[in-house]
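Here is the structure we will look at, set down as structure tokens.
Letters go in sequence order (proteins before strands), and every chain restarts at 1.
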Amino acid sequence: MANADCIVIQGSNMAECHPVGYQWVAEAKARGAKVIHVDPRFTRTSAVSDKHIPIRAGSDVVLLGALINYVISNDLWFKEYVGAYTNAATLVHDDYRDAEDLGGLFSGFDAGKGAYDTSSWGYAERGEGAIDEPGPGSEHGADATARAAGHSYGSGGPPLEHAEVQRDDSLQDPRTVFQIVKRHYARYTAEMVQDMCGISVADFEYLVRAITDNSGRDRTTCFAYAVGWTQHSLGAQFIRAAAILQLLLGNMGRPGGGIMALRGHASIQGSTDIPTLFNLLPGYLPMPSAGRHDSLDEYLATIGSKQQKGYWANADAYTISLLKAWWGEAANADNDWAYDYLPRLTGAHGTYETVMGMLDDEVEGYFLLGQNPAVGSAHGRMQRLAMAHLKWMVVRDLNLIESATWWKDGPEIESGELRTEDIETEVFFLPAATHVEKAGSFTQTQRLLQWRHKAVAPPGECQSELQFFFELGQRIREKLADSDDERDRPLLDLTWDYPTDKHGDPDPEAVLAEINGRHLDGPDAGAPLSAYTELRADGSTAAGCWIYTGVYADGVNHAANRKPGQEQGPAASEWGWAWPANRRILYNRASADPAGKPWSERKKYIWWDQDQGKWIGDDVPDFPVDRAPGSHPDPSVGGPEALSGDDPFIMQADGKGWLFAPKGLLDGPLPTHYEAQESPVANALYPQQQSPARLVFPRADNPSAPSAGTKGADIYPYVFTTYRLTEHHTAGGMSRWLPYLSELQPEMFCEVSPELATERGLEPYGWATIISPRSAIEAKVLVTDRMVPLKVGGHTVHQIGLPYHWGVGNNAVVSGDAANDLLGVTLDPNVQIQESKVASCDIRPGRRPRGEELLALVAEYRERAGVTMETGNAAVTNPSAEGVDPTLED
Amino acid sequence: MGQLSGPTDPTTDAHWEHNHPRKGFFTDTSICIGCKACEVACKEWNHNPQDGNLELLGSSYDNTGSLGASTWRHVAFIEQGQERITQARESGRALVNLGMPRIGPPAPDSSDPAEADTTPPDTADFRWLMSSDVCKHCTHAGCLDVCPTGALFRTEFGTVVVQDDVCNGCGTCVAGCPFGVIERRSNGTVKVATSREDQHDEHPAVPNAGIAQKCTLCYDRLVDDQTPACAKACPTTSIKFGDHDAMVETAKERVADLHAKGLTEARLYGANENDGVGGTGSVFLLLDEPEVYGLPPDPRVPTADLPTMYRRAGLAVAGMAAAAALAFLGGRA
Amino acid sequence: MVQSICPYCAVGCGQRVYVKDEKVVQIEGDPDSPISRGRLCPKGSASEQLVNSPGRQTKVLYRAPRSTEWERLDLGTAVEMIADRFIETRRRTWQQNDSEGRLLRRTMGIASLGGATLDNEENYLIKKLFTAAGAVQVENQARI
Amino acid sequence: MTLSEFDNLRPSGPARRRGADGKPGTRRRRENGDGSREMPMVPEAEFTSYYGRPVVKPAPWGEDVALYLFLGGVAGGSALLGLGGQLTGRPILRRNARLGALAALSLGAGALVKDLGRPERFLNMLRTFKVTSPMSVGSWILSAFGAGTALVAAAEIDRMTGCRIPLGPLRKALQAVEGPAGFEAAVFAGPLAAYTAVLLGDTATPTWNAAHEELPFVFVSSACLASAGLAMVTTPVHEAGPARKLAVLGVLGDLAAMKVMEHRMDPVAAEPLHLGKAGTMLTWSERLALGGGLGALLAGRNRAVAAASGFALLAASALTRFGVFEAGLASARDPRYTIEPQKNRLAARRAAGVSDDAITTAR
């Protein structure tokens with residue numbers, strides 16, 4: 001990032017949320033790089049940027065689309081790069097129809113299911129028709145949503161049957177990706193940006209000039225985003241839009257380029273790599289689904305076709321090695337490597353579905369492991385009411401967080417909805433160990449594993465999760481030891497024999513070694529694997545997470561590598577260990593031109609050394625190291641062997657960067673602007689208001705505010721956006737208990753513009769009540785010129801900023817109302833992340849009412865707005881304008 | 001008695017027989033991101049208690065308020081519109097022009113920063129200033145001069161430090177500081193939530209209550225050749241630490257740099273050894289007038305006038321004696 | 001002194017943990033880290049207080065159904081009770097096959113939501129144990 | 001609309017301007033929501049501060065210290081009267097002045113110790129002598145003064161009790177040093193009365209600091225009239241002649257010094273002397289001093305008038321000390337008194353062509 005010439009921070013408040021990461025931006029800026037911050041609020045990041053461009057929350061695709069349009073129509077794209085490394089020249093299926101033609105829908109929308117059949121988005125095959133998706137039959141978008149399919153591609157693209165595609169290298173065929181992209185964004189203009197995002201034409205031109213002036217052979221632009229993008233009903237598409245722009249400008253896989261995800265938590269990357277996520281197994285292998293993955297063969301066929309290019313073609317080796325790691329001898333060729341020990345999915349079982357399952361009394365027991373959903377999850381009220389339905393719950397945390405004490409001092413106790421004496425839930429609070437009281441590895445945002453050594457023993461009864469779950473597993477296995485029930489076999493056959501120290505603490509290095517994997521047969525039996533390329537599908541290797549293979553190569557904990565940064569080169573490859581294979585920049589083959597030479601001396605990173613016959617440079621090449629630039633193997637061989645010398649995107653099924661996504665996304669192959677679930681603005685681009693494929697939950701306890709153009713929209717006239725502050729940590733479990741952090745931001749507040757304060761009579765630093773269809777909260781008012789009303793679609797849009805760190809309880813040093821109580825649950829269909837960055841509300845002066853009156857206030861607003869369960873939940877906004885038979889709508 | 005005002009080396013003045021270079025901070029507020037890591041790192045290292053009432057102070061994101069007995073780093077937040085930015089740029093330009101008397105209209109000399117290309121940089125219609133304040137460790141330190149017990153002393157690094165075991169809390173130093181830095185610590189307590197489980201009843205007593213407290217420039221770290229906690233934590237190097245001379249040099253380069261970019265609002269604070277406190281050990285780069293940040297515009301160490309005061313007092317004493325004599329010499333009238 | 005990594009955000013800043021008499025006395029940035037070069041944000045700087053916070057809970061607490069107060073519970077007893085409930089809920093809510101007879105082999109009665117400050121090794125054991133037990137509703141902060 | 005919680009403390013001035021163009025989509029200009037206001041007394045209209053917060057900190061001194069200022073003056077003046085009585089053969093005046101000095105000194109020193117953050121460490125004052133520290137110098141003055149005063153007072157008490165205190169051979173010694181001790185105390189009497197002015201002047205507290213040239217005169221005058229007042233109360237009129245004279249001289253000096261001081265001070269820094277509690281106290285101080293002085297001058301031979309005048313003078317002195325003390329603290333609490341005089345003097349120096357001594361520099 002320090003190598004970038006221009007850095008666009010959008011959807012992230014980087015200086016505020018990642019102050020230490022921001023040093024690299026500061027360094028780039030000191031060296032002359034331009035830093036532009038695009039954000040609804042003027043934040044601490046804006047304060048140290050060259051320019052802040054205020055944007056209406058949720059309109060990012062319009063802006064990015066307009067940048068794409070500008071780059072294409074002004075011929076500013078990086079032709080050599082785009083031609084060689086992207087799928088620009090690939091032809092798309094004949095049946096494909098763009099959202100431009102269907103009023104905002106792409107071809108294949110099933111209004112009945114509220115989801116796409118994505119088959120028409122595929123590539124045109126050589127010969128005729130589209131490339132079939134692998135595996136048995138075609139999967140419907142609705143089913144894929146249920147698997148949160150988008151999440152499964154964390155390490156690469158979705159599968160294609162093979163990579164023999166039709167191309168038109170002149171890019172002139174209207175069916176080429178390039179022409180489709182060009183047409184799709186033709187109406188995304190500077191004027192549209194002004195109308196929809198509230199960004200002036202001058203500011204847009206400033207931005208576009210900064211980006212295009214700083215892209216090309218010699219220069220690179222970097223985008224940084226965080227949850228400001230992901231927490232939207234089209235979150236994945238925001239990122240895709242930036243990726244398209246970056247591919248067109250040739251900024252991917254190159255130093256100082258790319259799109260940097262700024263993740264919020266110490267090991268949030270790790271917790272998707274080794275997922276505590278319902279839809280994934282370690283290494284982005286999907287959890288099997290009933291009906292789709294009923295046998296190992298079916299399962300493997302859907303992950304990666306043997307005929308596709310790149311490393312996903314070896315998914316069989318990854319899967320079987322995982323099964324061997326978990327079930328050892330019990331996993332053998334005869335029982336399909338214990339594949340049937342794996343439970344099956346039948347739909348979405350994400351955290352919000354789980355909460356609804358609790359409300360329906362389907363879930364009895366709940367573990368909260370360092371998580372505070374009563375404050376930190378969207379629709380906090382629903383979270384707490386759901387917990388009151390549980391039979392038992394285990395809260396493991398450092399402090400007595402609100403999710404552990406809601407039965408005693410939660411807002412619903414105060415409002416009278418719940419009575420402590422009536423709540424049946426058993427609550428176990430188990431104190432946890434801090435990061436210095438246990439050893440283990442975190443994976444940071446750039447996929448770097450770093451080991452923490454244990455400094456002291458945990459105090460009192462505090463325990464690490466490792467020890468707790470190891471012990472819990474042991475107890476459960478002991479209690480079931482005599483069971484002859486077949487269902488208990490997976491538990492009893494589980495490899496669960498980690499060495500422990502004298503306190504019964506399992507050795508985390510032993511776990512890491514299991515994750516890394518080892519040889520089971522042959523001369524090296526027992527020896528650690530050193531790379532995932534050593535994994536085999538014949539049961540001769542075991543590895544708990546294939547992408548981490550190599551972290552324990554030669555029996556050395558490479559995550560603990562600590563060669564001081566000042567003693568190494570810029571890639572610092574001897575500090576920690578980055579997956580895969582210790583690479584610091586992914587797809588870095590793209591940092592050299594098709595002939596293997598660096599694009600420029602200034603941006604040199606990985607290049608082909610003709611004499612040595614291999615790729616060399618500052619980093620580990622993310623490419624078969626001896627694959628010459630000009631080589632063109634027969635694509636039909638499949639796997640890594642099929643990669644051409646100019647296929648840098650080795651985890652994509654065709655080795656190319658995807659401008660157009662023929663597979664993998666459930667809400668459209670190209671990012672398209674839709675309004676948020678709740679928006680006071682009508683979609684000026686299409687009759688379709690919201691993303692048609694977004695996941696809605698029409699329930700009485702999850703009402704939505706009416707959007708622009710429908711009755712009652714003026715009852716919730718303002719947009720609010722939630723965010724965090726430097727001084728606090730998410731739901732506050734690790735900050736509101738610390739006096740030093742609490743005193744820095746002691747009270748919940750809302751940020752409003754002076755105009756809005758005048759309009760609503762809000763007193764500076766007095767109290768205000770913010771009301772959404774779900775709840776009402778109170779906050780101190782911070783009137784500031786950092787909030788600017790935007791002129792959008794002919795009227796003024798006021799945005800309200802709400803930090804979400806506070807919660808209602810008696811135990812923390814500081815407490816306050818929780819912003820997340822205002823939010824409802826609407827999810828991105830690709831990844832099932834909720835929309836929490838934008839929603840509708842009203843604001844008025846004074847504190848909120850207490851007790852039953854609070855509920856009455858919220859209900860009164862709903863009534864005035866005419867909110868029903870259907871409000872805002874139609875998949876298709878205007879069926880006749882979008883070519884959909886209205887009778888198909890539910 | 002050492003020198004009371006004007007340029008000097010305070011360490012030599014204090015009769016240290018060694019050659020430690022004087023240490024100091026350079027706080028470059030133009031790159032401060034207002035994260036307050038300095039405040040926390042400082043408290044953590046020095047075990048300073050929480051202070052304040054856990055309420056919004058009504059000053060943007062600043063809920064610390066000011067430097068004090070338990071807050072030795074304080075980050076100020078100032079929101080400004082275009083008018084004020086223009087004024088700041090103008091007042092900065094006026095500073096540049098100071099001491100460059102000209103006859104007639106200014107010569108079109110492009111190398112003169114005051115006349116350089118001053119096309120305003122991009123974010124000009126609004127700005128949010130952040131600045132981390134700290135003890136100035138003055139060359140002529142008012143607090144140190146007026147301390148009657150010798151609790152405050154000049155270290156071998158040229159810094160000013162309180163000896164906690166000597167100070168008797170007379171409070172003279174508080175009034176003696178022209179920057180409002182040093183303060184006597186009250187025995188305010190670490191405020192905790194109303195209901196806690198029994199084992200948390202005990203809270204550490206506030207250390208050093210009743211005595212004067214301020215930044216020590218991490219004297220205990222300096223003697224171990226360590227960087228002060230705030231400078232070490234600062235994510236963007238807005239707080240720099242090093243030899244005082246080098247810091248002043250860096251500061252001068254930085255301000256010249258910013259002027260060259262047309263940012264004439266940038267100015268240094270404390271880098272002039274001819275000022276009222278003989279220059280400060282902690283040098284700042286500010287983007288507006290000092291009072292905007294809560295800093296005095298023309299501080300002067302009160303002791304600089306001490307000789308005058310003693311003379312005047314002597315005169316007064318003489319007058320008093322004369323009056324008494326007169327009263328008696330009038331005889332038994 | 002022990003080398004560690006800051007637990008707050010995903011930048012992964014290096015920390016040095018200073019220990020005296022089995023107690024953490026100071027946590028500072030690790031200048032050797034090429035990620036952070038010794039710097040820390042306010043949260044990272046407060047890590048020592050995270051460990052030694054006066055508000056930190058170090059004992060097991062239990063709230064019985066309908067009870068208005070916490071009571072103390074021995075750690076071993078608590079784990080035993082949790083294991084019993086785990087097994088019982090799993091048994092009661094077990095789903096072997098779906099309506100079409102396809103294998104499900106799972107329970108929908110047990111769920112977990114983990115923070116993203118857990119170690120990879122911890123997440124691995126959690127995922128492994130829950131998957132083997134057929135509890136599929138394992139989620140974390142990544143989706144929040 | 002106001003943006004600062006301090007706005008309601010602001011005197012009503014010209015209405016603050018709002019951003020002229022309130023159109024959405026563009027950032028508006030922002031007025032300084034942090035304490036700017038029109039300044040009628042200063043040509044430079046702008047006064048800016050950081051949210052109206054003080055720049056300097058007021059001394060953490062309570063009224064104990066103001067009381068000490070007063071009592072120190074009483075003690076000093078009394079010692080002089082005592083010496084005068086000693087030399088001119090006025091035994092009652094001598095005795096009363098000496099006892100008065102000791103009483104004032106004891107009470108004052110007690111108040112001073114009580115005000116320390118760590119009273120148990122009061123002796124640390126005497127572990128060093130620092131000429132740059134008026135407090136240190138004062139501590140030594142106080143000690144030296146205390147030594148002589150204690151001796152002469154002891155001698156007086158011994159005499160009053162008819163030499164019944166079991167002093168043994170020490171009585172001889174005491175009687176031997178009594179005379180010199182009276183001189184010794186008187187030598188330090190003036191400094192005791194005057195050093196407190198330096199103590200206040202040698203601070204960054206705007207009003208005190210701005211008064212540093214004249215404050216010693218105010219304080220010694222005040223000490224004179226107060227001690228004289230005390231003597232007029234305690235001593236029969238026939239021996240109190242010098243006290244009455246001293247009272248008149250003290251009042252004259254006090255009124256004159258006060259006027260000159262206010263005149264020569266920076267007008268902004270002098271404001272707190274006229275405002276609020278301090279203003280009221282100083283006004284009454286002046287009235288009482290005048291009244292007491294006139295009483296002493298015109299009807300001092302009347303015992304009742306003398307006593308009343310004496311009380312008036314004591315009260316006047318106390319009010320002077322409390323008033324000045326309070327004015328200083330008030331000046332420290334309002335940033336205006338720090339910033340404006342400093343800006344003015346900086347501007348004045350610049351106007352005079354001195355441009356190399358500012359703390360703010362462009363390079």
Q: Against chain C, label A/Leu492 side chain, backbone, both or neither, depending on which of its atoms sit under 4.5 Å from a heavy atom there.
A: neither

Q) Side chain, backbone, both or neither: which part of C/Gln96 has a heavy atom under 4.5 Å from chain A? A) side chain

**Q.** C/Glu122 side chain vs A/Glu465 backbone, donor-acceptor pair below 3.5 Å
**A.** yes

Q) Tell me, side chain or backbone of C/Val17 under 4.5 Å from chain A's heavy atoms, or both, or neither? A) side chain

Q: Output yes when a side-chain donor or acceptor of C/Gln49 lies under 3.5 Å from a complementary backbone atom of A/Tyr740, and no otherwise.
A: yes

Q: Output the option from A/Glu471, A/Gln23, A/Glu486 having the highest count of non-hydrogen pairs under 4.5 Å with chain C.
A: A/Gln23

(Q) Quick check on A/Asn372 against chain C: is it the side chain, the backbone, both or neither that has a heavy atom closer than 4.5 Å? (A) neither

Q) Looking just at side-chain N and O atoms, do C/Lys128 and A/Thr495 make a donor-acceptor pair shorter than 3.5 Å? A) yes

Q | Toward chain C, the part of A/Glu567 with a non-hydrogen atom under 4.5 Å | A | neither

Q | Flag for A/Ser441-C/Glu121: side-chain donor and acceptor within less than 3.5 Å | A | yes

**Q.** Polar side chain donor-acceptor pair, C/Ser53 to A/Asn399, under 3.5 angstrom
**A.** no

Q. What distance do C/Cys9 atom SG and A/Gln444 atom CD have between them, rounded to the nearest 0.5 Å?
A. 9.0 Å

Q. With sequence neighbours excluded, what pairs up with A/Ser735 under the side-chain contact (heavy atoms from CB on, under 4.5 Å) test?
A. A/His728, A/His729, A/Leu741

Q: Report the C-alpha separation of C/Arg106 and A/Thr346 in whole Å, then their side-chain angles, then the decisive distance to 0.1 Å, and conclude whether the side chain to side chain donor-acceptor pair (under 3.5 Å) test is met.
A: CA-CA 11 Å; C/Arg106 69 179 188 193; A/Thr346 48; 2.7 Å; yes

Q: Would you mind telling me which of A/Gly357, A/Pro282, A/Ala404 has the largest number of heavy-atom pairs within less than 4.5 Å of chain C?
A: A/Ala404

(Q) Working to the nearest 0.5 angstrom, can you tell me the gap between C/Ile5 CD1 and A/Gln450 CD? (A) 3.5 Å

Q. Relative to chain A, which segment of C/Leu73 carries a heavy atom at a distance below 4.5 Å: side chain, backbone, both, or neither?
A. both

Q) Of the backbone (N, CA, C, O) and the side chain (C-beta and beyond), which part of A/Glu478 lies under 4.5 Å from a heavy atom of chain C, both, or neither? A) neither

Q: Identify which part of C/Phe130 has an atom lying under 4.5 Å from any heavy atom of chain A, answering side chain, backbone, both or neither.
A: side chain

**Q.** Donor-acceptor contact below 3.5 Å, side chain A/Glu364 vs main chain C/Gly109
**A.** no

Q | Proximal component of A/Ala439, with respect to chain C [non-hydrogen, under 4.5 Å] | A | backbone

Q.
Looking at every heavy atom in both C/Ala132 and A/Leu491, which two are closest together, and how far apart are they?
A. O-CG, 3.9 Å

**Q.** Heavy-atom proximity to chain A below 4.5 Å, by part of C/Arg85
**A.** both

Q: Mind telling me whether C/Tyr62 and A/Phe428 have parallel, tilted or perpendicular rings, with 30° and 60° as the class edges?
A: tilted

Q) C/Ala78, C/Gly44, C/Ser33, C/Ser47: which one forms the most heavy-atom pairs within less than 4.5 Å of chain A? A) C/Ser33

**Q.** Between A/His349 and C/Glu139, a side-chain donor and acceptor under 3.5 Å
**A.** no

Q) Side chain, backbone, both or neither: which part of A/Asp488 has an atom under 4.5 Å from a heavy atom of chain C? A) both

**Q.** Contact winner vs chain C - A/Ala290, A/Pro431, A/Gly291, heavy-atom pairs under 4.5 Å
**A.** A/Pro431

Q) Checking side chain to side chain donor-acceptor pair (under 3.5 Å) for the pair A/Gln566/C/Asp32: CA distance, chi angles, key distance, verdict? A) CA-CA 7 Å; A/Gln566 51 273 30; C/Asp32 286 346; 3.1 Å; yes

Q: Could you tell me which portion of A/Trp326 (side chain, backbone, both or neither) has an atom closer than 4.5 angstrom to a non-hydrogen atom of chain C?
A: both

Q. With a 3.5 Å cut-off and no angle check, do the side chains of A/Tyr366 and C/Gln137 form a donor-acceptor pair?
A. no

**Q.** Contact origin within C/Glu88 toward chain A - heavy atom pairs under 4.5 Å
**A.** neither

Q. Taking atom types as modelled, is there a side-chain donor on C/Thr68 or A/Trp407 under 3.5 Å from an acceptor on the other?
A. no

